[in-house]
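None of these values were measured; they are calculated from a predicted model. Lettering follows sequence order; numbering is per chain, from 1.
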Protein chains: 2
Amino acid sequence: MSRTTPNRNTSKPDAPAQPPRAAERIRASARELFYREGIRAVGVDEIVNRAGVTKPSLYRAFPSKDDLAAAYLFDYDREFWPRFEKPGGKSPPDARTHVLAYIRELANRAVKDGYRGCGLSNAAVEYPGHTHPARLVAETHKKALRQRLRELATEMGARDPRMLGDGLMLLIEGVYVTGQQSASGPAQSALAAATALIDACVAKPTRKR
Amino acid sequence: MSRTTPNRNTSKPDAPAQPPRAAERIRASARELFYREGIRAVGVDEIVNRAGVTKPSLYRAFPSKDDLAAAYLFDYDREFWPRFEKPGGKSPPDARTHVLAYIRELANRAVKDGYRGCGLSNAAVEYPGHTHPARLVAETHKKALRQRLRELATEMGARDPRMLGDGLMLLIEGVYVTGQQSASGPAQSALAAATALIDACVAKPTRKR
DNA sequence: TGACAATGTTACCGATCGGTACGTATGGTC
DNA sequence: GACCATACGTACCGATCGGTAACATTGTCA
């Protein structure tokens, strides 16, 4: 064998389908359970049972449950950005289309049964203390999202980009939280509201209508 | 001593036996702890310790911690409506002023340090299962708030009252949740965004400008 | 084959969880 | 003073929590 990395190589065909590493299985299991039930509601036993591994494996890969929660949110953040930057898998042609396409997709998900909102926002609700490792990930993410929305508002030509960016963020977070309160909630109006807000905030002469 | 009721009676000396004082102390203690730390994060021991009572007193007044949580949210709902209907203690002259006054007050609270959002929304995040007694209170409340906002949107003369009501609800919930993520967050733009949204959604001829 | 790293197995820890059996103090009534 | 209901406390329960120690097993590579 010429390869230097001894294991978990997915490209080499001669490997007999290396079973997923315990750490990855735990990450996936935690991801699903934490998101669906909430972090505090899920015990480490449930996580390892679902993952088909044992508790020592968890604590060999993660120093504590809190750190596992932080890793879960780190993964969540990583998976979020493609959803946001390429809603529907396509790169939107302009900022306005971009934001509205994301909100359209988001609203569609949010009105379905069993929707559980944003894992990062939910974690911030579960852990009010500003020192918890999971919360730190959430706060960093939200700061980045806010910044990105302000950028997009600037691209749209908003008179007050900060105001429009923040307004869109409020709407989006509103969808996250109301979507999990009840199906067919206010989220169904998110697209229309965002459209109205944007059109009210960008200089009129440049906008059609 | 001539007084017949020896304790906890401030006004009438011989009034019919006041309800147990322990239950009220527990309600107040739970109210504060549940709101600040979250429901799952607070144990019953902490509640009774803070209340200066003992655990059996809690379970004599409430069947379970879940029911105490529901009672907490019931109180929260009761305290909410005056804040909403009379923002700043005044009855607003019209629907537009009404909603904007509430959002102004809300946003002021939300940008301060230690803000913890809406106890009812937070509870819905903590308890995803639609059977938990606390969640039922939260869902009922949110349904009522949505209905009320739609009424106000109708009063404003919105072209699509459901859309405007929902849009305002999304903004408000957005303030709740982002306010507890970080101070000086998007909540500071809530009033401007709500104003823009309203003015974009009501028939132009009737609105000043 | 032998070394090594990763994982599984089993059993356990102290702390805390929500919840309860049971005794005690107090005050009003006759 | 006998009696009773109300209100509260002491002490405890079994279950579960997050986390760990010690050792066996496996698969991979040199």
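- Classification of the A:Phe84-A:His98 ring pair by plane angle, with boundaries at 30° and 60°, yields tilted.
- For the pair A:Phe62 CZ and C:dT7 P, the interatomic distance rounds to 11 Å; values are reported in whole Å.
- Between B:Phe80 and B:Tyr102, the two ring planes are perpendicular [angle over 60°; tilted spans 30° to 60°].
- Between A:Val44 and A:Tyr59, the closest heavy-atom pair is CG1-OH, 3.6 Å.
- With sequence neighbours excluded, no residue forms a side-chain hydrogen bond (donor to acceptor under 3.5 Å, both in side chains) with B:Glu126.
- Taking atom CG of B:Leu58 as the reference point, atom P of C:dC17 lies 13 Å away to the nearest angstrom.
- One atom, CG of B:Leu33, and another, C1' of C:dC17, lie 16 Å apart when rounded to the nearest Å.
- Protein atom CG of A:Leu68 is 15 Å distant from nucleotide atom P of D:dC17, rounded to whole Å.
- For the pair A:Arg21 CZ and D:dG27 P, the computed distance is 14 Å after rounding to whole Å.
- Regarding contacts with the backbone of C:dG8, a side-chain N or O of A:Ser57 is found under 4.0 angstrom from either OP1 or OP2.
- Of all heavy-atom pairs between B:Ala23 and B:Ala61, the closest is CB-CB, 3.8 Å.
- B:Tyr76 carries B:Arg83 over the face of its six-membered ring, with the cationic atom under 6.0 Å from the centre and within 45° of the normal.
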Can you give me the N/O atom pairs linking the protein to nucleotides 18-21 of chain C at distances under 3.5 Å, or say none if there are none?
{"unit_1": "C:dG18", "atom_1": "OP1", "unit_2": "B:Lys65", "atom_2": "NZ", "d": "2.7"}
{"unit_1": "C:dG18", "atom_1": "OP2", "unit_2": "B:Val44", "atom_2": "N", "d": "2.9"}
{"unit_1": "C:dG19", "atom_1": "OP2", "unit_2": "B:Tyr59", "atom_2": "OH", "d": "2.7"}
{"unit_1": "C:dG19", "atom_1": "OP2", "unit_2": "B:Lys65", "atom_2": "N", "d": "2.8"}
{"unit_1": "C:dG19", "atom_1": "N7", "unit_2": "B:Lys55", "atom_2": "NZ", "d": "3.2"}
{"unit_1": "C:dG19", "atom_1": "O6", "unit_2": "B:Lys55", "atom_2": "NZ", "d": "2.1"}

